[in-house]
Amino acid sequence: MTPLPDPSQATLSVWGGEFDRNFWERATQLPIVQSVSFGYRDVDQWVAVALGQQPGHIYGRNTNPTVHAFEEKMRLLEGAEAATSFASGMAAISNTFFALLKPGDRIVSVKDSYGGTAKLFAEFLPQIGIFTSLCETSNHEAIEQEIARGCTLLYVESPTNPTLKVHDVKRLAAAAHAAGALVVVDNTFATPINTRPISLGADLVVHSATKYLGGHEDAMGGVACGREDLVRRIYHYREITGAALAPMSAYLLLRGLKTLHLRVACQNESALRIAKFLAAHPAVMRVEYPGLPSHTGHEIAKRQMTGFGGLLSFSLKGGWDAVKTFLPRLTYAHCAASLGGVQTLVGPPATTSHVECTAEERMALGIPEGLVRYSVGIEDSNDLIADLTQALPK
Ligand SMILES: *Cc1c(COP(=O)(O)O)cnc(C)c1O
């Protein structure tokens, strides 16, 4: 089966990667193929598959049918030429760097990157002579100036973690391409429902599939989508170094992706309501949400995003002590790391986005200790607001 022209994101969420209905025994659902290897009676065919001259699978570290369907769904949702998957988001991000960069290359990025990515910049990439300039996150002029000083790869997240700053991907991609640099965007927070970075000029999009893509907090995974020549190099690095996505996880991610458009639409709507509620609450000092006109990235977000996303962060007037009393009083929120699930998840950066960093490192990155990150689930927003009302200081 081939898709009709121009299917929408909703249709691709359901059917992407699963148009071929010749599943085993005419099953309506894609099987979880746990087999590590695939057999051939015809040795010539076996050789042709091994050489990539014919479609087929050889060994699970390279390819697998269930994993392939996940890659194909993501490729279609991101509007990319190619996609390759990983055991986690950090595997996708680190394999992208290690496959594409060499000693002497220079990355330009920003201070507010995901904690694990910030560790790659600070600790592991310098060990092999790859250095990163970290710019002030919201200062587009500063980022452009840094790119113009020489840059192999521009790396941004939009919106950022945990303060939801928004990058003008089109503008920064143009500056990077003018300097001959590659553009990589971590699209974990926006998802392809709210932003499609490739349409804005990104060469590659990376994701932690563990978050919104899977959406149920029960599977880890990552994916890199984009230009075919780049994805082929990243795939080759991954097939040798081995951070392959497991078939069971691929199945859970595919199952989660079928409702991505519904979940994200609901989370966009609820998060905007909750952000407005919190902004008007006397115990709240500040709310960070791209959908609020007071937010620094609001104008860019209006242009670039279909919805403003399901994440927000806020600080309490009572500081860290108030946070410690507030969090355990919430009923409809797990106090836990991670984000993007069907259940509301809440926590301070010290135990969530920036658990990898020391207090000094968080301070240097401009992340206040009294901040609360709130990942809105798909519960009724009236119930979430009632819960926040009873838990916030009177
Ligand atoms: C969680 C996350 C990652 C890392 O993904 P894992 O699946 O935990 O390895 C990378 N980037 C962002 C923005 C994230 O939220």
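Note that ligands are numbered from 1 as they come in the structure, with each ligand's atoms numbered from 1 the same way. Everything numeric in this text was worked out from a predicted model, so none of it was measured. Here, residue 1 is the first one in the sequence, and each next residue gets the next number.
Across all their heavy atoms, Glu81 and Arg75 have their closest contact at O-CD, 3.4 Å.
In this structure Tyr251 satisfies the side-chain hydrogen bond (donor to acceptor under 3.5 Å, both in side chains) test with no other residue, sequence neighbours excluded. In this structure Ala271 satisfies the side chain to side chain contact (heavy atoms under 4.5 Å, CB included) test together with Tyr289, Leu312, Val376, sequence neighbours excluded.
One side chain, Thr63 or His57, offers a donor N or O that lies under 3.5 Å from an acceptor on the other.
A ring pair (Phe, Tyr, Trp, His ring centres under 6.0 Å) check over residues 175-213, counting only residues at least two apart or in different chains, returns nothing.
Ring-plane geometry between Phe19 and Trp15 is classed as parallel, the angle between the planes falling under 30 degrees on a 0 to 90 degree scale with a further cut at 60.
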Which N/O atoms of ligand 1 sit under 3.5 Å from a protein N/O, and at what distances?
| residue | atom | partner | partner atom | Å |
| --- | --- | --- | --- | --- |
| ligand 1 | 5 (O) | Ser208 | OG | 3.0 |
| ligand 1 | 7 (O) | Gly89 | N | 2.8 |
| ligand 1 | 7 (O) | Ser208 | OG | 2.8 |
| ligand 1 | 7 (O) | Thr210 | OG1 | 2.7 |
| ligand 1 | 9 (O) | Gly89 | N | 3.1 |
| ligand 1 | 9 (O) | Met90 | N | 2.8 |
| ligand 1 | 11 (N) | Asp186 | OD2 | 2.7 |
| ligand 1 | 15 (O) | Lys211 | NZ | 2.8 |

